[in-house]
Structures are given as C-alpha cells and as structure tokens.
Amino acid sequence: MTETDPRQLPPQYAPGEVEARRYAHWEAAGLMRADAKAVSPSAPAFAMVIPPPNVTGSLHIGHALDHTLMDALVRRRRMQGYTALWLPGMDHAGIATQNVVERELAREGLSRHDLGREKFTERVWQWKAESGGKILGQMRRLGDSVDWDRERFTMDAGLSRAVQTIFKRLFDDGLIYRAERIINWCPRCMTALSDIEVDHTEDEGELVSIRYGDGDDSIVVATTRVETMLGDTAVAVHPDDPRYSHLVGREIELPLSGRRIPVVADPHVDPEFGTGAVKVTPAHDPDDFEIGRRHQLPSVMIMDERGVITAHGPFLHLDRFEARPAVRDALREEGRIVAERRPYLHAVGHCGRCGTTVEPRLSLQWFVKVGPLAKAAGDAVRDGRVAIHPAEMSGRYFDWVDDMHDWCISRQLWWGHRIPVWYSASGETVCVGPDEDPPGEGWTQDGDVLDTWFSSALWPFSTLGWPDSTEDLRAFYPTSVLVTGYDILFFWVVRMMMFGLYAMSAAGPEQSVPFRHVALHGLVRDQYGKKMSKSRGNTVDPLDWIDRFGADATRFTLARGASPGGDVAISEDWVAGSRNFCNKLWNAARFALLNGADASAARPDPATLGSTDRWILSRLAAVTAATDDLLEQYEFGKACEALYHFAWDEFCDWYLELAKPALASGDEGAVAATRAVLGFVLDRLLRLLHPVIPFVTDELWRALTGGDSVMTAPWPGQRASGSTGGSSTGGGDLSAFADAAAEAEIGALMQLVTEVRRFRSDQGLRPTQPVPAALAGIGGTPLAGHEAAIRALLRLAAPGEAFAPTASVQACGVTVELDTAATIDVAAERRRLEKDLATAQADAAATERKLATPSFVERAPAAVVARSRDRLAAAQAEIARLTGRLEALPPARS
RNA sequence: GGGUGCAUAGCUCAGCGGUAGAGCACUCGCCUUACAAGCGAGGGGUCACUGGUUCGAACCCAGUUGCGCCCACCA
C-alpha cells in the first residue's frame, strides 16, 4: 500500500482514493472493534446499536444523516478513552422483503404458493444473501466505524432464540393472547397490520344516507362504505335520543336482504352527527364490533381476505370497490337513498407498505397486552432513567405510550419468525420455548409469523447475546444512546423500551432500560425545505454525492444542518461548499507541512510566545471547549459551525497569513515557535473535526504527526472518560491558553488591516501592488510589535524610503499614510466618509436619546448603561475622526 | 377532530429582553505560489400582522393570518 508523501500532497483533495485506503486501514487494524474485556473504570463502556436498516433497502439520505451523527458520537467517545461499541446489523423486514421476492417470482409467472412455504423462505434467504448486504458496503463508503465482527441480523439463530424466549415468557405471563378482533387488514398483502403500519390520508369518498325500515318504523343512517350494509346486524342510536326512543328494541327491515335487524341503544353513538343513527357492521368496522359485543349482535362477514364480496346475492364475487356503486345503485332503485354527498372528504387508512386501502376485518390474531409494558416504558422516561433529546419531544412519547392499543403481532406471511405455538386436533394450545422440543404427532404449528417490529424491539439486547448472560450483555447493556429520526419514536423506540424493561427487569430499574439517552434528529429536506420523496422527485442518492464530493463533504453537510429534533435541509450547492471546506483544510495542512510544522514539539508555553501565537492558542481553547459542550448536547450543527469558522476564518485567513511573515523573518526562535504552534493547533483542529469528517482528518493527521490514526489520538476537550481525562498525551484542558489581551491585540490588528483594505478597495487600487506607506503613531499602541506583519498583510512596501503620502487611513490609533501613486478619487472617499459619518451620527443620536431617558438610567442594569455610555463615546470619537478627515480632504479634483 | 411546532437578508437557518448574524446566492477588485473548490471588499432585513407587558421586545403574553408535522374508530 503506497502512502502519499506528506510533502507532495496534491493541491486538491481527492477523496475517493483516500477514503478507500483509510477505511481499509481502520478495518485491518481493528480500530473499530470494541472489546468487552477492555471495559474498566478508566475505559468505561459506550454502546450504540444501529437502527437496523431493511435488507431490502439501500442507503438513502436519511440513513446518511442518522449514521453520520452516530459515527460522530462513537468516534468522539473512542477518542475520549471509552470502550466504544457501535453494533451494526440489518432487519429482515417481513412484509417489505416478502413483497420484493414475490414480485420477483411474479416475473417468472409464479406465486409463493407455487413454491410452498419452505421453498419460498429458502428463496428469500437466497435473495438476502445476494443483495441484502448492499447497504453494508454503503456504510463503509460513508465511513461508519461499526464493529463488523458483531454484525447481526434479526433472523439469525441467536436473535431467533431471543424472539422465542421472550414470546414464551410473555405468553406465560399472560401478556400475549390470541383473540378474534377487528384488525387492519391489507387485502393485497393479505395480512394483518398493526396500527402503526397504517397511514391515514384524507381521501375523497361519498356519504350516502339510506332509509332502513318502512313508514313509522324507518330510520335513516349514513355511511361512507355502502357495501358494508350487506353485513349489518343492527342500527344503533343514542339511549337518550328522543327521536328514536320508540324504535329501540324493535326490529326493522334491512334493505336488499329481507333480513330484519334490531335497533339498539348505545352511548357510543353521537346524536349530533348526521341523523344520530348508525348502521352496525360488527364484522367490518372496529366501532361496530364493540357495539356488537355490547349487544350480543351476530357478526356477518361479507368479504373474503381479498376484499371480494362473499355475501350471497347479486353482489357475490364483486370486488369491494365494484360492490360499492353496485349496492348504491340497487338501493337507489328501491328508493332507499335519501341523500348523497359527493365528494366527501374523510380519513382513510392505507397499508404502510403497498398503499392499498386497509379493510377492517374480523379475524383471529395474536396480540401483546400493552398496558403494563407501556406503563413501564412511560415511567422510565418520566422518572429520568431515559432522557429524550430534545426534551420537548417527550410529550409525543407520552401521548403514545399513555394511550396505546394492544399490539397485533401476527402476520399472515411466510418471511419472519414463526409463532412458536402449536395446536392439537382437540383444540389444545402449547407455547414452545426455544430449548424445548415441539409436541409430536397430531400437533400443528401456528402458520403465522411475527410482526417485524417484534424482533426489532429486542435489538438492544438480543444483539448482545440475550437471553444468555454474556460478557457483551454485561458490558454494554444498557446501551448509552439511541440515535434515530423522530419519525420512528413510536414505531421502534417505544417498543424497545417496553421489551427491554420487561426482558431485563431482573437487572433492576436502572439497568433494565435499553438506552440512557434517545437523541432524535429530523428529516432530510431539500433546499426549499420540502420533504424528500420519490413522488416529488427531489430525492438524493448519498452515494452519488460521496462519489462526486466525498464522504466527508456529504457528512459535514448533514451534520452542519443537524440540531436536536430538527429537520436538515440540504442541496448540492451546500455539499460543494463542504467539499470546499475539506479542501481548505487539506491546503492548510499542505501549507503547514511545506513550512515544517512541528506537531511533535512539546506543548507550547504561552509565556515564551508572541501575541499572534497566543491569540490562536486562545481561540483554539475557546473553540475546543465550545465543540466539546455542543457535541455533548447533540448540537452537531452548532459544533460544525464553530469549527468551520475557527478553521477557515481564524486559522487559515488570519493565523496562516500572519505566520507567513514570521516564518520568513529569518529569526530562528520565531520560526521554531511558529512551526510548533502551527503543528499544535492543526493537530488539535484535525482531532476536533475527526468525528464528523473522519477521512481527510485521518489522512492529514498521519501526514502531520506520523501517527497511525487520529482515531486513537486523545480527544482535545476537557470531557474525557473516567480518570483518563486531561491526560498529558494530548487531550486535556486548554483553558490555560485563554488570553484576553492577545485577543484584543489581534482584534485591533484585524480592524486596522480591514480598514486599510476597505479604503484601497473603495479607491479601486490594485491590492497586489506594493504601496509605500508609513504607520504613523504605531509606536505607542499595542500594535507596535506587528508592523512587519501589517505591512505584509497589506502589501505595503518596506519602510525607510521617503515618499509623498497622498492618502491616509486611521484606525486603532494608527494613521496609515499611503502613497497611492495617483490622485485618489476624492469624491468616492468623501462619499464613503459621509456615509460612515451618517451611520455614526445616527448611532450617537440614538444612544444619546436612550441615555437621556431617566427611567432607563435608573432601572436598567448598570452594565447595560455603562455599555451604552461606551457606545456613545465610541460613536462620538468616530464622528470627530470622520469630521476631521472630511475637512482634511482636498477639494474634489477639477 | 385533538395535539404540536414554525413564520428573521433572494434560499436554508442561528440569535430568544439591551438598537440584527452565518452559509449559499449577489456586486466589485484580485491568478497576492497552501488552496480560483481561492483571496480581499461590498450591497441587502420596518425580524408575518395587531394589541399588551417592560425604561427597553426579533426575543415574553394574547389574538389574527399563513404554512408544517404528529395523532385520530365519528358513521
């Protein structure tokens, strides 16, 4: 493997080759592995599990965000000395995967039934082996520092055993039961769905009012699903509704059927809505099912699992959507339709996987009794054992856990964990544990599989070896933080909470939680703040950006936009900007290397340094502390912002420019000091940036220091693990570098330089042409020692030669007299001075007015008043200065 | 229907009681040998609207308008 010669870094950073090389090294050197045995008080455990992506999927931009943030967290912890584990893996994604393989079969003209259950699941496994690992390769491209030795899959043997174990335990505890209930049914996938697998949209439908019964014994009901009237077994009214009290208990005729159905009184009916009377179809509506139960009404199923009418009569074999108009027309012919409202907007459920309209359906399914589990899940957050970031999101969490329906966990699919329950011919039921043999002859296993989320809910501990008390489980559970989008707070987080607390309850309340922190981020949006979606056509393939701009640029863009719970807007322009930043860093390092930056020197001693060096060290200390705090609070965007400005504006634009004259000064001591500070600051900067942009920083850090990898360099912040904090090896406290005097001094220098540049720019003078100049009055100011640097930055000619100044600029007590080699544009200068004067006068006037307000002077804090006085003084000084310069201005040239 | 959040420069956002900030975009000038994926300078905002609290409001309170998101079994 050939390394780039550090002295010959190309002038542009080429990510592709560097990324491949660096990742291969991390993997080969085992830098991403976490050893449970290494956990100790000085190297405590830090653990995260990856939200397992679907095997069917490929990395989309949302994953890229999720992974970038997780990787930044784990990399920083690793540098801080933690034994840091990030565990990767994938989810078998029941319905999604089965659908993909079934679609593949359909192209061969086959259905899963043609293969049979065994052959079909074999085929899915085969498919998983071939294309399921795609996303893992993509994770390498992104730079995810996961421990590949621990990769898990929700269907592998260990996790299947965990599934069976917890099922059996819940079953024995009476928390899993089988019952005939109305569930969400997808007639296309032909399976039950849980509430969260159903998406509601406002759809156009029709609201049809139908007259049931005749004459005095008639009643009008309204419905959006006309065809279900074939299965009506009652009409319900409110018990206190005087309009219908005479009908309660009597039977009326159900149109088209010849059947007579009772009128029942039920408090659930809202007398204000519609006619105050509702048709009751217990087999096809969840509300009606409850009403039916309360009144012992029969349930008449009129549709099969495909949504085809099974009720005998003229509508037999019609699809539900064909039956709707057919039934409506038939009713109209009989004069039963009282009113029709079309279009009528109402919420309709759709299968979260295929979009088909969900059909509520009465069927025998398995459920988790959620009550006690959800209560425990809520309490863990309420009493602070688990913290949600940002805390405002906890409200949504509580809304969910406090009012959760029992969870339907059986799916009429073949791909998934088969329900470990067996039935005998005589109707006995046995739940089989993982280490038990199934019952013999005459018993058959339940044909259904478990909801995918059932196994995902075990992820934080099943991946660590549960139900065995493994070393990993003891070392890394509870995991430290779970990072995910707020959109799956309910889907996944709640379920992990419920099952983690239940399965690990023996460990006690503190140790049974699946994670201590939940760090939520938002959705990725486009540059107009629009949600990315395939239908909108604004999706981005992160791999495309990684190819074109580099993984670091892609990561930096995402991290820079991320705030706790906040959405992230991105566009290609911004990735290009991040790419530019990486390149800037590359070139800063290139400059440093070409100038002998020395990162191996002892930690710089401010007492021996000039103010320029003390200034950059002071700024480094500030940005280090800020970055450390911000990352601790999951404020990735702000941390990136702080580092971006430090690196670009302060380090590159000012420090490196100031270092040039120092390096060229020929003063051996100054050169050595500059090289040492240059090396030190760049080293720290690379470490601080490494969690977010791991590739460039590693490449440059190796070139700069000769070290193996920045991954193993100590984190520069004060926060560190256990007792290793602040070690002399390079982490530790930089607060001794804080230097207000140096900051003020360099601040003045910047102000002076900027002022002169502005003058020259306004005057249209060539910035590159050396100008003879004198720095009058610099002697008595703090800038006295910076004359050479100022001349270099401003490209002023060397001092000494006599010249005739044609213009002057004042700032920070220094008058810069310039020979502009031409008559300056007096009119332009006058305009500029007048404009500045107007600004200063307005400022002075406003401040004066304020200070003249007695209530302000009396009641505002002294510091605020003092600040206003300073402001006024400054404004007045500025007015005096500008007035003087305007008066001194020669008359406009003729 | 119930919650909940947001309205600040052309775009995306930060600021959350003391007289407006960043990135990108824009204008002007520079190939100043680390970087033109760059350097320097500049323009641009009655902080959605209306009231209130306060010496003082982009920031706190109430209402209005306009967006967004989540939840939801009202036929």
Side-chain angles (χ1 to χ4, degrees), chain A residues 9 11-13 182 195 200 207 221-225 228 236 268-270 272-281 285-290 346-347 349 360 392-393 395-396 399-400 403 405 486-487 489-490 522-523 525-529 531 549 553 560-561 563 565-571 573-574 576-595 637-638 641 644-645 652-653 656-657 660 753-754 757-762 764-770 792-793 795 842-843 846-847 850 853-861 863-865 867-868 871:
Chain A
L9 298 179
Q12 281 197 351
Y13 172 53
I182 292 270
D195 291 347
H200 293 269
L207 183 68
V221 298
T223 181
T224 52
R225 292 161 65 219
T228 62
H268 174 82
V269 179
D270 177 3
E272 305 293 316
F273 187 91
T275 58
V278 58
K279 60 192 272 307
V280 182
T281 322
D285 183 281
D287 282 339
D288 294 4
F289 178 75
E290 290 303 322
H346 66 302
E392 302 89 80
M393 289 274 182
R396 288 191 187 184
D399 287 348
W400 186 259
D403 182 30
H405 297 309
Y486 59 71
D487 52 329
L489 186 62
F490 318 123
L523 272 30
R525 296 171 176 276
D526 68 13
Q527 70 263 49
Y528 306 111
K531 195 168 165 176
F549 301 107
R560 194 179 183 182
S563 60
D567 290 345
V568 179
I570 49 170
S571 82
D573 286 349
W574 307 352
S578 300
R579 184 262 326 260
N580 296 353
F581 177 62
C582 293
N583 191 238
K584 188 73 182 174
L585 210 57
W586 179 265
N587 276 290
R590 195 160 156 253
F591 173 85
L593 289 166
L594 291 170
N595 285 283
K638 286 176 185 162
E641 207 61 28
Y644 180 94
H645 283 118
C652 289
D653 287 348
L656 294 188
E657 292 307 317
K660 284 176 185 173
V753 168
T754 303
R757 281 174 176 165
R758 180 154 87 107
F759 171 79
R760 297 218 311 205
S761 184
D762 286 349
L765 302 174
R766 298 186 77 77
T768 48
Q769 195 176 348
L793 287 176
R795 283 171 199 286
D843 195 28
T847 312
K850 193 167 182 176
T853 311
S855 52
F856 170 70
V857 183
E858 285 157 22
R859 307 183 66 165
V864 174
V865 177
R867 210 180 315 147
S868 289
R871 191 186 180 112

Decide yes or no for A:Asp843 and A:Arg871: does some side-chain heavy atom of the first lie under 4.5 Å from some side-chain heavy atom of the second? yes
OP1 or OP2 of B:G56 sitting under 4.0 Å from any side-chain N/O of A:Thr853? no
Would you measure the distance from the P atom in B:U64 across to the matching atom in B:G45 and give it in whole Å? 31 Å
Does B:C39 have OP1 or OP2 under 4.0 Å away from a side-chain N or O of A:Lys584? yes
Just to confirm, is there a sub-4.0 Å distance from OP1 or OP2 of B:C31 to any side-chain nitrogen or oxygen of A:Arg766? yes
Pair partner, B:G10 [Watson-Crick or wobble, under 3.5 Å]: B:C24
Do the side chains of A:Asp287 and A:His268 get nearer than 4.5 Å, heavy atoms only? yes
Is there a Watson-Crick or G-U wobble partner for B:C67 with both distances under 3.5 Å, and if so, which one is it? B:G5
When you compare the side chains of A:Tyr13 and A:Asn580, does any donor N or O come within less than 3.5 Å of an acceptor on the partner? no
Establish, with yes or no, whether the OP1 or OP2 oxygen of B:U12 is under 4.0 angstrom from a side-chain nitrogen or oxygen of A:Arg525. no
P gap between B:C26 and B:C70, integer Å: 35 Å
Check this one for me: any side-chain N or O of A:Lys660 less than 4.0 Å away from OP1 or OP2 of B:A34? yes
Gap in Å between the two C1' atoms, one belonging to B:G44 and one to B:C28, rounded: 15 Å
For A:Leu207, which contact category applies under a 4.0 Å heavy-atom criterion: base, sugar-phosphate, or nothing? nothing
Roughly how many Å apart are B:U8 and B:C49, using the C1' atom of each and rounding to a whole number? 15 Å
B:U19 to B:C24 separation - C1' atoms, rounded to the nearest Å: 28 Å
Partner nucleotide, any strand, of B:G43 [Watson-Crick/G-U, under 3.5 Å]: none
Any A:Phe591 side-chain heavy atom under 4.5 Å of A:Lys660 side chain: yes
B:G38, OP1 or OP2 - any side-chain N/O from A:Asn580 closer than 4.0 Å? yes
Is the phosphate of B:G15, meaning OP1 or OP2, less than 4.0 Å from a side-chain N or O of A:Lys638? yes
What's A:Asp653 touching, base or sugar-phosphate or nothing? Going by heavy atoms closer than 4.0 Å. sugar-phosphate
Which value, in whole Å, describes the distance between the C1' atoms of nucleotides B:G3 and B:G17? 30 Å
B:C73 phosphate, OP1 or OP2, under 4.0 Å from A:His200 side-chain N/O: yes
Can you list the steps and then say if A:Lys638 with A:Glu641 is a salt bridge (charged side-chain N to carboxylate O under 4.0 Å, His left out)? CA-CA 5 Å; A:Lys638 286 176 185 162; A:Glu641 207 61 28; over 6 Å; no
Out of B:C69, B:A34, B:U19, minimum distance to the side chain of A:Arg396 belongs to B:C69
Can you check the distance between B:C73 and B:G66, where both ends of the measurement are the P atom (answer in whole Å)? 28 Å
Pairwise C1' distance for B:U12 and B:A7, with rounding to whole Å: 14 Å
When both distances are under 3.5 Å in a Watson-Crick or G-U wobble arrangement, the nucleotide paired with B:A62 is B:U50
If pairing requires Watson-Crick or G-U wobble contacts with both distances under 3.5 Å, which nucleotide is the partner of B:C31? none
Which nucleotide, if any, forms a Watson-Crick or G-U wobble pair with B:G56, using both distances under 3.5 Å? none
Among B:U19, B:G23, B:A41, find the nucleotide with the atom closest to the side chain of A:His645. B:G23
Side chains of A:Val864 and A:Pro861 in contact at under 4.5 Å (non-hydrogen atoms): yes
